[in-house]
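Single-structure report; data block below.
Naming convention: chains lettered A, B, ... in sequence-line order (proteins, then strands); numbering from 1 in each chain.
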Amino acid sequence: MLDVRMIRADIDQVKAGLARRGQDTAVIDEVAGIDAELRSLSGQRDSLRAEVRALSNEVGKLFREQRQDEATELQEQSRLLGLEEKQLDARAEELQVLLRDQLLRIPNLPAADCPDGAGEQDNVILRVEQYQPDSYVDCQRVPHWEIGEQLGILDVERAVKMSGSMFVMYRKQGAALVRALCQLAIDRNVDLYEEVRPPTLVRTATMIATGHLPKFSEEAYAVERDDLWAIPTAEVPLTSLGQDEIVAEADLPLRFCAHTSCFRREAGSAGKDTRGLLRVHEFDKVEILAYSTPAQAADLHAEILLRAESLIAELGLAYRVLDLCAGDIGNSAARTFDIEVYSPGVDQWLEVSSVSWFGEYQARRANLRYKPEGGKGTEVLHTLNGSALAVPRVWAAIVETYRQPDGSIKIPELLLPYMRGATAISAGV
RNA sequence: GGAAGGAUGGCAGAGCGGACGAAUGCGACGGUCUUGAAAACCGUUGAGGCUUCACGGUCUCCGGGGGUUCGAAUCCCCCUCCUUCCGCCA
């Protein structure tokens, strides 16, 4: 959520930022108008309230002094003022709700150094690593859903029977590989990042805090009877972990990591990348997230990217890093780097991590604040996060990349300690 | 799911219709004293909105929402959460 005071102070800058996203800026004028009216109205209301309070105190005093007549007279006066105040208050209330509604739907402003661009095609490729297009051999050019079926480690058919399309089931060593990846990702980050196992069903307010609601309700699974939502990422509970709290500047940054299931309806992406593990409704992911001061944010952004990137690199996968342009960053983000892994069997670059800096946008929604050292008052802090590891696509890339001529899959070295002593996955095991 | 009790500042805890943003204690911070520290003593100590160059003024917040009243932390209604007991349960 943007700060209304920023809109008040520098409306042109706000509009310019939204324009970089390709967004209509008319809302901003609307918001500024509502804000102005609200302020004038609540000012009037407050002075009426002050009068009512003063009169009421007077009434009390008069009653104690047994001056009934004078008291009754003031009572009546105060009652009439109260009526007026009620009207103003009702209108102010309406405006306030309207203002918040509007503000919640306005996306974050892109960071100054976020590249210009209208969409995906304008993203900047920062680097491509460990990718040698000519190095892949025939046995690696088989899509993971075929490999998974051959080896009995991926069972899409039965998962679809149980839950519908775009649900999958891992079996045998395939299931073990899922757990191994999660465990590995957690273990690599607990040196600095506190491990958390949060709820996967959360309230509406919790989804609003990260920016997943109110705009993107179609993307999330809702458990309507209980007014709960299935989280699309651990970013949701982790961002609300410090909701309404005020932390000391000395305690920042706070770092968290969490392994959770993630649920996405993928509405509007029907027919796109639906084979195998490319796009699924439910998957496992390890997320890392930080709360920081504005000054720490840039370093943390780099830190999170490095952690996500080095894990993919050490798993021996080919990947590239993108600097997303203003037209392609997510609603809540100010700057985002994507990591895409190359999967030889499907011959595609698959997004496996989005590392974002959100500035105050989410923190203002979740009411996350800190007390500046030596300063007075409180400041809104910054949030950042990234996937340390998202299972399905990494699973797919590993299975395709590490496939041997005999059809077995060699287990990457990093995962060996997590695979019960196995060094390869072959049929029947 | 049933019954009873509860929710007040960083914590503990009073207040149960009038001057209450709220006694008191603890904690924290600053000071006096001390070679230093402790103790003692003095002082400060919630968050936020609007307004002001500033001093200040003013409003909101006693779990959340609604109501009664000239006036609500205090009375009434609804909800949520917590504790204890019973039931059920991985």
Protein N or O to nucleotides 55-59 of chain B N or O, pairs below 3.5 Å:
| residue | atom | partner | partner atom | Å |
| --- | --- | --- | --- | --- |
| B:rC59 | O3' | A:Arg49 | NE | 3.3 |
| B:rC59 | O2' | A:Asp46 | OD1 | 3.0 |

Fill in: Consecutive-pair stems (at least three Watson-Crick or G-U pairs, under 3.5 Å) that include RNA chain B
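For RNA chain B the paired stretches long enough to count as stems (3 pairs minimum) are B:1-7 with B:80-86, B:10-12 with B:24-26, B:27-32 with B:40-45, B:46-51 with B:56-61, B:63-67 with B:75-79.
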
Item to complete: Report the C-alpha separation of A:Gln362 and A:Thr383 in whole Å, then their side-chain angles, then the decisive distance to 0.1 Å, and conclude whether the side-chain hydrogen bond (donor to acceptor under 3.5 Å, both in side chains) test is met.
Response: CA-CA 7 Å; A:Gln362 295 182 325; A:Thr383 58; 2.9 Å; yes

Practice prompt. Working to the nearest 0.5 Å, report the span between CZ of A:Arg158 and NZ of A:Lys161.
Written response: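 Rounded to the nearest 0.5 Å, the CZ-NZ separation comes out at 6.5 Å.
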
Item to complete: Measure the CD-CH2 distance between A:Glu224 and A:Trp229 for me, rounded to the nearest 0.5 Å.
Response: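 Between atom CD of A:Glu224 and atom CH2 of A:Trp229 there are 7.5 Å.
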
What integer number of Å spans the [atom1] atoms of [N] and [M]?
| N | M | atom1 | result |
| --- | --- | --- | --- |
| B:rU51 | B:rC11 | C1' | 35 Å |
| B:rG49 | B:rG67 | C1' | 25 Å |
| B:rG66 | B:rA14 | C1' | 28 Å |
| B:rG15 | B:rC20 | C1' | 9 Å |
| B:rG27 | B:rU34 | C1' | 24 Å |
| B:rG56 | B:rC70 | C1' | 29 Å |
| B:rA23 | B:rU45 | P | 12 Å |
| B:rA7 | B:rC76 | P | 14 Å |

Whole angstrom is fine here: how far is it from [atom1] in [X] over to [atom2] in [N]?
| X | N | atom1 | atom2 | result |
| --- | --- | --- | --- | --- |
| A:Leu41 | B:rU51 | CG | C1' | 16 Å |
| A:Leu48 | B:rC70 | CG | P | 17 Å |
| A:Glu93 | B:rC61 | CD | P | 11 Å |
| A:Asp89 | B:rC50 | CG | C1' | 14 Å |
| A:Glu70 | B:rC70 | CD | P | 18 Å |
| A:Gln44 | B:rU60 | CD | C1' | 18 Å |
| A:Leu55 | B:rG18 | CG | P | 19 Å |
| A:Asp3 | B:rC50 | CG | P | 9 Å |

Practice prompt. Return the 5'-most residue of the pair A:Lys371, A:Leu74 with respect to RNA chain B, ranking by each residue's nearest nucleotide.
Written response: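 Comparing both residues, the 5'-ward one is A:Lys371.
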
Practice prompt. Tell me which of A:Ser56 and A:Glu379 sits closer to the 5' end of RNA chain B, going by the nucleotide each one is nearest to.
Written response: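 This one resolves to A:Ser56.
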
Worksheet item: Looking only at side-chain N and O atoms, does A:Arg39 come under 4.0 Å of OP1 or OP2 in B:rU51?
Response: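 Looking at the OP1 and OP2 atoms of B:rU51, one of them is under 4.0 Å from a side-chain N or O of A:Arg39.
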
Discussion item. Quick check on side chain to side chain donor-acceptor pair (under 3.5 Å): which of A:Ser387, A:Ser354, A:Ser353 does A:Asp338 satisfy it with?
Written reply: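 Only one option passes, and that is A:Ser354.
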
Item to complete: Give one of base, sugar-phosphate or nothing for A:Ser78, where a contact means two heavy atoms less than 4.0 Å apart.
Response: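 Contact class for A:Ser78: sugar-phosphate only.
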
Item to complete: Anything under 30° is parallel, anything over 60° is perpendicular, the rest tilted; go ahead and classify A:Trp395 against A:His144.
Response: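 Because their plane-to-plane angle is over 60°, the rings of A:Trp395 and A:His144 count as perpendicular.
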
Discussion item. Students often mix this up, so state it plainly: with edges at 30° and 60°, are the rings of A:Tyr221 and A:Phe263 parallel, tilted or perpendicular?
Written reply: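 A:Tyr221 vs A:Phe263 ring planes: perpendicular.
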
Which atom pairs, one a donor and one an acceptor, fall under 3.5 Å between side chains of residues 295-305 of chain A and the rest of the protein, sequence neighbours left out?
| residue | atom | partner | partner atom | Å |
| --- | --- | --- | --- | --- |
| A:Gln296 | OE1 | A:Thr293 | N | 3.0 |
| A:Gln296 | OE1 | A:Thr293 | OG1 | 3.3 |
| A:Gln296 | NE2 | A:Leu252 | O | 3.2 |
| A:His301 | NE2 | A:Val355 | O | 2.9 |
| A:Glu303 | OE1 | A:Arg255 | NH2 | 3.0 |
| A:Glu303 | OE2 | A:Tyr193 | OH | 2.6 |
| A:Glu303 | OE2 | A:Arg255 | NE | 2.9 |

Worksheet item: Would A:Ser356 and A:Thr336 count as having a side-chain donor-acceptor pair, cut-off 3.5 Å?
Response: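 A pair is found: one side chain offers a donor N or O, the other an acceptor, under 3.5 Å apart.
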
Discussion item. What I want to check is whether the side chains of A:Ser332 and A:Arg365 have a donor and an acceptor closer together than 3.5 Å.
Written reply: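 There is no such pair between these side chains.
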
Worksheet item: Hey, which of A:Arg275, A:Arg264, A:Arg265, A:His281 is the one that makes side-chain contact (heavy atoms from CB on, under 4.5 Å) with A:Met166?
Response: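 For A:Met166, the side-chain contact (heavy atoms from CB on, under 4.5 Å) test succeeds with only one of A:Arg275, A:Arg264, A:Arg265, A:His281, which is A:His281.
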
Worksheet entry | Residue A:Ile246, side-chain heavy atoms: nucleotide from B:rC50, B:rA47, B:rU68 that is nearest |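 Selected nucleotide (nearest to the side chain): B:rA47.
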
Discussion item. Going by ring pair (Phe, Tyr, Trp, His ring centres under 6.0 Å), A:His382 matches just one of A:Trp357, A:Tyr370, A:Tyr291. Which one?
Written reply: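 Exactly one option meets the ring pair (Phe, Tyr, Trp, His ring centres under 6.0 Å) with A:His382, and it is A:Trp357.
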
